[in-house]
Amino acid sequence: MKILQSTLLLLFMPLIKPAPPTQQNSHIISDYGTDNFEEILLTQDYEDQYLDEKNIKVKESMIISDEKSLQMHKDESVTPLPPKKENDEMPTCLLCVCLSGSVYCEEVDIDVVPPLPKESAYLYARFNKIKKLTAKDFAEIPNLRRLDFTGNLIEEIEDSTFSKLSLLEELTLAENQLLKLPVLPPKLTLFNAKYNKIKSRGIKANTFKKLSNLSFLYLDHNALESVPLNLPESLRVIHLQFNNITSITDDTFCKANDTRYIRNRIEEIRLEGNPIILGKHPNSFICLRILPVGSYF
């Protein structure tokens, strides 16, 4: 019986053999392999880096929040600006398009000049029903450089209408009902009043005299009986075709007392469609580099 118990004890001893102690050394490498070990290290590094970045972002977020709080505190400490008065607000331009200093009011059937933003530099109000222009229309718009009223019904323009527009360079009043011209601003480079009803008596003797920058003058298709006086030296193009001009003199374009005088800048003069034979006035063109366009026979 004792022999049997000893035998059984020997048989079951491997089953109750204690497990070897856990080792955390180089044997791990042999258990998992080199590749797995590197992956574990990379994973550990990534987690450490992620945690570091997360901590940095949290710190940055805290700094930004502190800065915002500080800025809000500063903003609150600043004295608020007084509310704008009703007169200081920019017009709404309900019928027009206001864009970067330009105002477009074309074909909207307006019969007066609409309120304009103070910074307006260009106004295009073509093909409407405007009948009159006054000084009040532009009194608060000193930066205007171009005005275009083509195709309206303008019959009257107050003399002081453009008096404060010292920067105005281009003025177009074509296709209206004008009988006379107003006082023009001094810096004009282009003036267009073709297709009106302007007569010679409707243009004062000094209307163009001081316009030393005027290069383009369009007065064709009117009712002029003579060429306007005192045309400035700066003119390059003069359109006077289809008027009622019957004669010209030696002083119209040139200077009768100065045979050496030359108008170098003029590139084009049109006089066709007038009841005048230009060939009868040869001395009227001796200062010009080109002959006027018109009938010579």
Side-chain angles (χ1 to χ4, degrees), residues 145-148 150 157 159 162 165-176 178-297:
R145 295 179 180 274
R146 181 185 300 159
L147 291 173
D148 191 341
T150 299
I157 301 177
D159 261 345
F162 309 115
L165 302 183
S166 60
L167 300 179
L168 193 67
E169 297 176 352
E170 298 183 15
L171 176 58
T172 300
L173 301 168
E175 300 178 40
N176 280 280
L178 288 173
L179 297 174
K180 62 179 182 177
L181 296 182
V183 175
L184 300 176
K187 289 190 177 181
L188 277 186
T189 61
L190 180 149
F191 179 66
N192 185 348
K194 64 182 180 180
Y195 286 97
N196 276 275
K197 300 178 179 180
I198 303 169
K199 295 186 176 183
S200 292
R201 64 173 178 268
I203 301 178
K204 297 178 181 179
N206 60 352
T207 296
F208 300 107
K209 186 175 183 179
K210 295 183 179 180
L211 304 186
S212 57
N213 296 320
L214 189 64
S215 295
F216 303 93
L217 176 61
Y218 302 103
L219 289 171
D220 52 283
H221 295 85
N222 275 281
L224 299 176
E225 298 91 1
S226 61
V227 176
L229 301 175
N230 298 313
L231 295 177
E233 299 286 333
S234 56
L235 279 172
R236 293 170 53 191
V237 175
I238 305 172
H239 281 193
L240 297 168
Q241 67 270 28
F242 297 99
N243 277 278
N244 293 324
I245 299 173
T246 56
S247 64
I248 54 177
T249 68
D250 295 351
D251 291 318
T252 300
F253 301 110
C254 303
K255 295 180 180 180
N257 298 326
D258 188 355
T259 56
R260 293 177 296 179
Y261 170 73
I262 301 293
R263 270 188 181 263
N264 290 317
R265 297 186 181 181
I266 286 187
E267 301 170 1
E268 181 180 73
I269 298 178
R270 293 187 59 178
L271 285 165
E272 75 271 22
N274 284 283
I276 180 177
I277 304 299
L278 298 178
K280 294 182 177 180
H281 309 275
N283 292 332
S284 300
F285 315 124
I286 59 174
C287 68
L288 304 178
R289 301 176 64 181
I290 58 171
L291 290 175
V293 177
S295 175
Y296 286 87
F297 303 100

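None of the values given here were measured: they were computed from a predicted structure.
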*Asks:* Just by distance, do the side chain of T246 and the backbone of P275 share a donor-acceptor pair under 3.5 Å?
*Replies:* no
*Asks:* Tell me every residue that passes side chain to side chain contact (heavy atoms under 4.5 Å, CB included) with D159, counting only those two or more places apart in sequence or in another chain.
*Replies:*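 Partners of D159 under the side chain to side chain contact (heavy atoms under 4.5 Å, CB included) test: P182, V183, K204.
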*Asks:* Hey, does the side chain of N213 reach the backbone of L188 with a donor-acceptor pair shorter than 3.5 angstrom?
*Replies:*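 Looks like no, no N/O pair under 3.5 Å.
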*Asks:* Looking at L173 and N196, what are the two nearest heavy atoms and their distance?
*Replies:* O-ND2, 3.1 Å
*Asks:* Are L147 and F162 packed together at the side-chain level, in the sense that at least one heavy-atom pair is separated by less than 4.5 angstrom?
*Replies:*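 Heavy-atom side-chain distance check passes, below 4.5 Å.
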*Asks:* I'd like to check the side chain to side chain contact (heavy atoms under 4.5 Å, CB included) partners of S234; sequence neighbours left out, ordered by chain and number.
*Replies:*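 Side chain to side chain contact (heavy atoms under 4.5 Å, CB included) check on S234 returns L214, P232, R265.
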*Asks:* Could I get the full list of side-chain hydrogen bond (donor to acceptor under 3.5 Å, both in side chains) partners for K280, not counting sequence neighbours?
*Replies:* none
*Asks:* Tell me every residue that passes side-chain hydrogen bond (donor to acceptor under 3.5 Å, both in side chains) with K197, counting only those two or more places apart in sequence or in another chain.
*Replies:* Q177
*Asks:* Can you list every ring pair (Phe, Tyr, Trp, His ring centres under 6.0 Å) pair that touches residues 256-297, not counting sequence neighbours?
*Replies:*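 Applying ring pair (Phe, Tyr, Trp, His ring centres under 6.0 Å) to every pair that reaches into residues 256-297, excluding sequence neighbours, yields nothing.
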*Asks:* Return yes if some donor-acceptor pair links the side-chain N/O of N192 with the main-chain N/O of T150 below 3.5 Å, else return no.
*Replies:* no
*Asks:* Any pair with a residue in residues 245-258 that passes salt bridge (charged side-chain N to carboxylate O under 4.0 Å, His left out), sequence neighbours left out, goes on the list, sorted by first then second residue, please.
*Replies:*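 Residue pairs with at least one partner in residues 245-258: there are none.
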*Asks:* Scan for disulfide bond (SG atoms under 2.5 Å apart) pairs involving residues 238-297, sequence neighbours excluded, and state none if there are none.
*Replies:*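 Qualifying pairs: C254-C287.
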*Asks:* Quick one: side-chain hydrogen bond (donor to acceptor under 3.5 Å, both in side chains) partners of T252, sequence neighbours excluded?
*Replies:*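 By the side-chain hydrogen bond (donor to acceptor under 3.5 Å, both in side chains) rule, T252 matches T249.
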*Asks:* What residues, two or more places apart in sequence or in another chain, satisfy side-chain hydrogen bond (donor to acceptor under 3.5 Å, both in side chains) together with S200?
*Replies:*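 S200 satisfies side-chain hydrogen bond (donor to acceptor under 3.5 Å, both in side chains) with E225, S226 only.
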*Asks:* In chain order, what residues pass the side chain to side chain contact (heavy atoms under 4.5 Å, CB included) check against N264, with sequence neighbours excluded?
*Replies:* I262, R289
*Asks:* If we ignore hydrogens and angles and just use 3.5 Å, is the side chain of N222 paired with the main-chain N or O of A193 as donor and acceptor?
*Replies:* yes
*Asks:* Just by distance, do the side chain of N230 and the backbone of K209 share a donor-acceptor pair under 3.5 Å?
*Replies:* no
*Asks:* My understanding is that only residues two or more places apart in sequence, or in another chain, count here; which of them pass ring pair (Phe, Tyr, Trp, His ring centres under 6.0 Å) with F242?
*Replies:*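 If we apply the ring pair (Phe, Tyr, Trp, His ring centres under 6.0 Å) test to F242, skipping adjacent residues, the hits are H221.
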*Asks:* I'd like to check the side chain to side chain contact (heavy atoms under 4.5 Å, CB included) partners of F216; sequence neighbours left out, ordered by chain and number.
*Replies:*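 By the side chain to side chain contact (heavy atoms under 4.5 Å, CB included) rule, F216 matches L190, Y218, R236, V237.
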